[in-house]
Structures are given as structure tokens and as C-alpha cells.
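Taking it in order: structure first as C-alpha cells, then the write-up.
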Amino acid sequence: MRRIISVLMENEPGALSRVVGLFSQRGYNIESLTVAPTEDSTLSRLTVTTIGDDIVIEQITKQLNKLIDVVKLVDLTEGEHLERELILIKIKASGAQRAEVKRTCDIFRGQIVDVTPAIYTVQLTGTSDKLDAFIDAIGASAVLEVVRSGVSGIARGERVLSV
Amino acid sequence: MELLSGGEMIMRALKVEGVKMIFGYPGGAVLHIYDALYQQDAVEHILVRHEQAAVHAADGFARSTGEVGVSLVTSGPGATNAITGIATAYMDSIPLVVISGNVPSHLMGTDAFQETDMIGCCRPIVKHSFLVRSIEEIPSVMKKAFHIAKSGRPGPVVVDVPKDMTAPTEKRPFEYPETVKMRSYTPALKGHAGQIRKALDLLLEARRPVIYAGGGVVLGDAAEELTAIAKRLGYPVTNTLMGLGAFPGSDDQFIGMLGMHGFYEANQAMHQADVIFAVGARFDDRVTNNPKKFCPNARIVHIDIDPASIQKTVRHIEVPLVGPVKSVLADMVEMLNQMDVEPDQSALSAWWETINGWREKHGLWTGDRFTRRGKIMPQDVIRTLYEVTNGEAFICSDVGQHQMFAAQYYKYDQPRRWINSGGLGTMGFGLPAAMGVQLAHPESPVAVVTGEGSIQMCIEELSTCTQYNMPVKIINLNNAALGMVKQWQDMQYGGRYAASTYADSLPDFVKLAEAYGHVGIIVTDPSELKAKMEQCFSMKDRVVFMDIYIDPDEHVYPMQIPTGSMKDMILSKTGPTK
Ligand SMILES: Cc1ncc(C[n+]2csc(CCOP(=O)(O)OP(=O)(O)O)c2C)c(N)n1
Ligand SMILES: [Mg+2]
């Protein structure tokens, strides 16, 4: 099952490599990974999406918690949560294709952020599923380049991950 | 405030931490630190002959005392040589602080001479590591390093120090922090009272209980508490390889070591148990055999300081209990004394009857479970060692068949007497570990139980023994082969001894010992074993190398059948499979 784990860790050099190293060392997979400082500059927030059964996820969270740099973590998928990913995508857009790309883009609420006579560069945010669906709709033959940010997530409602 | 250089700060921190002795090897990147070491006298330095030994010796020191072991190595090859030692300590949760030098900060990342990314290299085998970034942070880094190494589930911590951080000309104010507070690191100090109650309720319901105690009891200094609760309940106790000595080996309630080469009665009892009380043990694959077939009828209570050890391999843990074993066990005894419930005595005596039946039939201590073929049997060597040392020696083992015999046939009545690399299984561990043990316990007999394969992996330390008068006794069970490998080749590869024999090229160990200024004794005849062993231990001030030619064809039994359950064991070469 796909899980989104949010980790607050000390904003120390080496902390990220410990987290990433843990995943490869113990054979856990990483689907995506994002990391950046938080409003508190001594803390970084890392979001990792991973796939595993309950046993694996339990071990991942326990092993992550064991890392000295990790302050707190939460498996967002255990509750109601928001999940967003950003994509920047270069799409062939010449001739008749051009209007079609624009229309698809509108349907998905994407924005065209750069234009050349033959290319649209589109920005789109949403769940990973939505981004996948957009790429499908555009069609592989029209896609020139894709860059995805990886998933960021936050719990819905009152729940807050902080120290 | 006092001004100190980084090198002086490191030495001062060691002094404040109460470190009396460190083990190391110098080189360019740590020369400033060595110069600071030279100019103080609180901390003694033991110069080993290989950095692997520096870490093993610190490790042996730590295992036998419970204190943090410290080693100091230079950058590059010094640091990489230390890696095996660090991994060994990591696997067995041994508290160490390993200080490694590195190239000056401005050269880091340039592939400078003797540069290694030590933080990167050791990442998967440390509890934590620090790269020193400023001279000012040295006191707080050292304080944290010691705190992390010894608290919670202990483990090795590496402090990597670029050379410019220790320059004698750069002095900074030195203030050693009194306490550490880390929001990201708060190991449990107590067990949950509700869980303790549940654990007791379950334990008292048991009709066929087993207490399965591991290295955590030794590390957590909880042998006394374990013994108290075991005595209070009257339940059988088995120890893991790492837990030997956690419960007195010569006590009647001790049913032997369990696991791959565990006692028949211990493995049978585990398999048939209705309640298992796991204390500071981690359900290692060398214990459980196939975890899917592990103790199908058992309801399990598991105490461990490390939440990640609970439900890691064996899933059906009914009462998980996170906390330091010492305080949890003490709380349990106290609660037990207040409760008005006793174990079911009739069920318990029936259970003991069954266990004693197994013991009588196949127990390693109730009869000879091996055949003597006119040669010295390794089992007899360990029994003799036990008799000659009155069971009071520190036994430091290497890795192989000899290790299993030493685990099976020496009875460990106290914790921290059995010193072995259980988790990583590092050949070469025995001799350097024994040096650390001997230095920590100058008056006690310290024996290295080894094989001619293992001893050659850190043989250079015989020179260190000369320099510092460490009169360890080396009991070399010489079967002229990598015996444990050969045993597997006998059992699984049709006796094809690929790269496991070298009989024609072994050194003359007696001469070798003499070359280092030690005493060498060769033993080839079973009838002279005891007398020569006594002679060996009577030379209190000498290193004695006993080269004992044992039956090269002997196997270690019992042995669990791979992929089977706990109870599936082979009992002898020819004997039936049970
Ligand atoms: C550093 C290292 N290399 C390889 C092994 C694999 N290994 C385990 S036991 C063993 C044989 C040990 O031979 P010896 O020390 O003579 O002991 P014996 O089994 O003969 O008693 C080997 C090679 C190991 N445990 N450690
Ligand atoms: Mg051998």
C-alpha cells in the first residue's frame, strides 16, 4: 500500500543522507522524496512516499524514529490528509495539437507558464494520480520533458505536526 | 574561562567522562590530538597494531565493564580499518566513541591524501556520527557522543575531526556541558505500568512458560532483576548467545542456550511453550529458525528498550513492553509481590518434568553427547577450561565452531564474562577484545577461545600484549581448518572443502608466541590436556598460547534444521533427526 510519511528532522548536514541511507540499507522503497526547511529554521520537513505492507511500514516508521536526527514523524495516510505534487511539463504544441493541449490543460486546471511556437510548458498541481492522468491525457508522443516535485502532504483539520 | 585547543578539548572531555584508557593508532590527521594526549596523564593510551584491534579492544573493555569504550584512529586507512570493529560493536549494541581524524576542512571533498568520507562510510553501522565543524562545538559534540553511545539501546558513535579543528595554536574557551538535552533523542526511562500489569497477568496464566533472555539483559545491567523474577516465578530460563551469564549458567532453572546451536531442552521448551517471556532479546534469525514456524502456541511478552526490535521478525507479540529491562523487571517484581496470585504449581511441575526428560535424554550437561575418537575433543577442552578456571574466567571468543563449543560447555554464572561477536560474527575479535577485558580486569584470568583461522586475523596484537603486559591465555582449538565452514560443506556440499583447509601452511604457533616473547604450549594428547591447561593458567603474568590439536572431524551439535521450527534439530553426525 502507498503511504505518505512526513518527518520533522533536525536541519543538520548529514541528516538527509541518514534517512535516505536507511531506506536503501533496509530495502524499503522510495517513490518520491521532498525536503525543505520549515518555518523554524532548525527543522527540516521531509515527505517520503513509499510502498509496503503494514509490517514494512511499521518498521520504516520505527527505524526512522530511531535516527537521532528525527524529531517526529507521522504517517499521513493513516488519517484524512491533503496531498499535493507539482509538475512542470513540456508538451509539443504545434498546428492542430496546440488548441487540444490548451483544452486538456484547462480541464485539469493547469497553467501554461512558457510558450514557444512549437511548445507549451505547463505547470500543474494536484495529487499524484491527477498528474498521472494529465500525462496520460496528453499522450506519451506529445510529452517532451517532465519534472515532478514529489509529494508534499499535510493532515486535514486540527492535527498539526510540530515539536 | 580556560582556553584550550581542539586536541586538548578532546582529551579534557575524555577525562571529564571518566575515561581511563583509550585504544588507538596515530597518523597525520590526529597528530595534534596525540600531542595533546602526550601532555596529560588522566587518560592512558594503548597503542595497538591495527585499527581494527583498537576498536575491538575498546569494545572488549566496554562489554566487560559496561562503560563506554573509546578508540582513536587517523583518517583514510586508519578510519577504514576501524570499520569492522565499529560494525561488530553496532550489531551487538556496544557503547563506543570512536574518534577519527580527517583531513583539514578546506581539503575535504578534494580527494586529499588519506581522505575518506568517514561519516558516509560508517553511516549504516553507527548509532550516530558527528563531523566536527568548529572548535567551539567540540565539548558539546563529545558530551552528546557519550550520552548517545551509552543511553537507550547503546551503540557506537563516531566523531570525525578534521585536522584543523585540533590545531594547537587555535585555542577557544572550554566549557563542558553538564547535561544533554536533545529533542530528537529521548530514550524510554520506564516501562508502561498498564503493560507491565498485562505482562504479569499473562505470565501468571502460563502452564508451560519459558523465559527467553538476551544480550539486552547484560547490556542493561539487569541480570540481578532477571534472576529475581525467574526465581520468584520458578520458570525455566534460556539465554541467547549474547545473553549468556544474564542468568546463572549453573543454576538448575537454566535450560541452556537456545537457537541454531542451542540446547535440545531449550529449543524444545520454546517450541512447546504456551507463554514466552522475551527479555532484551531480539528474535534473531539464529534463534528463531524459520520465524513463520516459530513457537506456534506461544503467547509472547516482549520487553525491549528499542521499539523497533518489537514485532520485527516474529509478529505475534501479545504484550509489547518498551523500556529499560532493569527498571521494567524491578517494577514487575514489585507488582508481583503485591499481587495475590501464584503460578499454577501443578502445571509448572509437570512442565519441569517434561523439560528434565529432554535434559536427561539429550542435554549437553547431563552426559557426553559426542563420541571420543582417541583425539582431543573440543568439548573436553572447554570443560577442562571451565574446571581449571573455576568458571570464573572472562572468556573472549572468536568465531567458528570453537565459539559454539565455548558457548555450550562453559557455564557463565555472571554477566559480562562471556565476550563474543554474536551479531556480526567477526573472526579476529577474540584477542584484541581480550586485551580490553584484561586491562579493565588486571587481576582476573582472561582466556581467548579461538581457532587457528580466527587467531590469524588479529595475531599482530601479540605484540601489543607484550608492550602492555596483558597476560591473556590463548586457547587455540586447532583443527587445521575453517571448521565451521567445513562443517557446512560436510552437511550441505557433499564434503567438497572449497577454500576451507590449509593444514600444510599453518605457522608453528608455539614458535610464533615465543617470537613475541610469550609462552607457547602444544597439546596433542588428550591425557595431557588438563595438566597443561593448569600449567597455562598458573603462569599468571605471562601470555600463554595453548595450541591444542583437536579432532578435526568434529561437528557442532545440536544444530537446527534450516527453514524448520525451533524444535527441528540434528543431534549428531549419525544420530537421528528429531
Ligand atoms: C572476518 C570473517 N571472515 C569470514 C567469516 C566466515 N567464517 C565463519 S566461521 C569461519 C571459520 C573459522 O575458523 P576457525 O577460526 O579456525 O574456527 P573453527 O570453526 O575451525 O573452530 C569462517 C571463515 C567470518 N565469520 N568472519
Ligand atoms: Mg579452525
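Computed from heavy atoms alone, side chains included, the values below leave out hydrogens, waters and symmetry copies. Keep in mind that this is a model prediction, so the values were computed, not measured.
- Smallest separation of non-hydrogen atoms from B/Ile310 and A/Gln59: O-NE2, 4.5 Å.
- In terms of heavy-atom pairs under 4.5 angstrom with chain B, the leader among A/Leu67, A/Leu8, A/Thr42 is A/Thr42.
- In plain terms, the two heavy atoms of A/Gln25 and B/Pro124 that are nearest each other are NE2-O, 3.3 Å.
- Surrounding CZ of B/Arg183 are more than 12 heavy atoms belonging to other residues, nucleotides or ligands, all under 6.0 Å away.
- Contact check for A/Arg18 versus B/His128: side-chain heavy atoms found under the 4.5 Å cut-off.
- A/Glu58 touches chain B through its side chain: at least one heavy atom from C-beta onward sits under 4.5 Å away, while N, CA, C and O do not.
- Between B/Met182 atom CE and A/Ile68 atom CD1 the span is 6.0 Å, to the nearest 0.5 Å.
- Contacts of B/Arg123 with chain A are made by side-chain atoms alone, with heavy-atom separations under 4.5 Å and no backbone atom involved.
- Checked by atom type and distance alone, the side chain of A/Lys66 never pairs as donor or acceptor with a backbone atom of B/Asp306 at under 3.5 Å.
- With a 4.5 angstrom heavy-atom cutoff, A/Leu22 touches chain B only via backbone atoms.
- For the pair B/Ser184 and A/Val71, the tightest heavy-atom approach, listed with the atom from each and the gap, is CB-CG2, 3.7 Å.
- Around atom CG of A/Asp53, more than 12 heavy atoms belonging to other residues, nucleotides or ligands sit under 6.0 Å away.
- Here A/Asp54 contributes atom CG and B/Arg315 contributes atom CZ; the two are 8.0 Å apart, rounded to the nearest 0.5 Å.
- Proximity to chain B (any heavy atom under 4.5 Å) is restricted, for A/Val70, to the backbone atoms N, CA, C and O.
- Within a 6.0 Å radius of NZ in B/Lys198, no more than 12 heavy atoms belonging to other residues, nucleotides or ligands are found.
- For B/Thr186, no part sits under 4.5 Å from any heavy atom of chain A, backbone or side chain.
- Around CG of B/Leu189, the count of heavy atoms belonging to other residues, nucleotides or ligands within 6.0 Å does not exceed 12.
- From B/Tyr185, atom OH reaches atom CD of A/Glu10 across 14.5 Å, with rounding to the nearest 0.5 Å.
- In B/His192, the NE2 atom is not crowded: 12 or fewer heavy atoms of neighbouring residues, nucleotides or ligands sit closer than 6.0 Å.
- Residue B/Leu131 does not touch chain A at all, counting heavy-atom pairs closer than 4.5 Å.
- The two atoms that bring B/Ala308 and A/Lys62 nearest to each other are CA-CD, 3.6 Å, heavy atoms only.
- Around CG of B/Leu424, the count of heavy atoms belonging to other residues, nucleotides or ligands within 6.0 Å exceeds 12.
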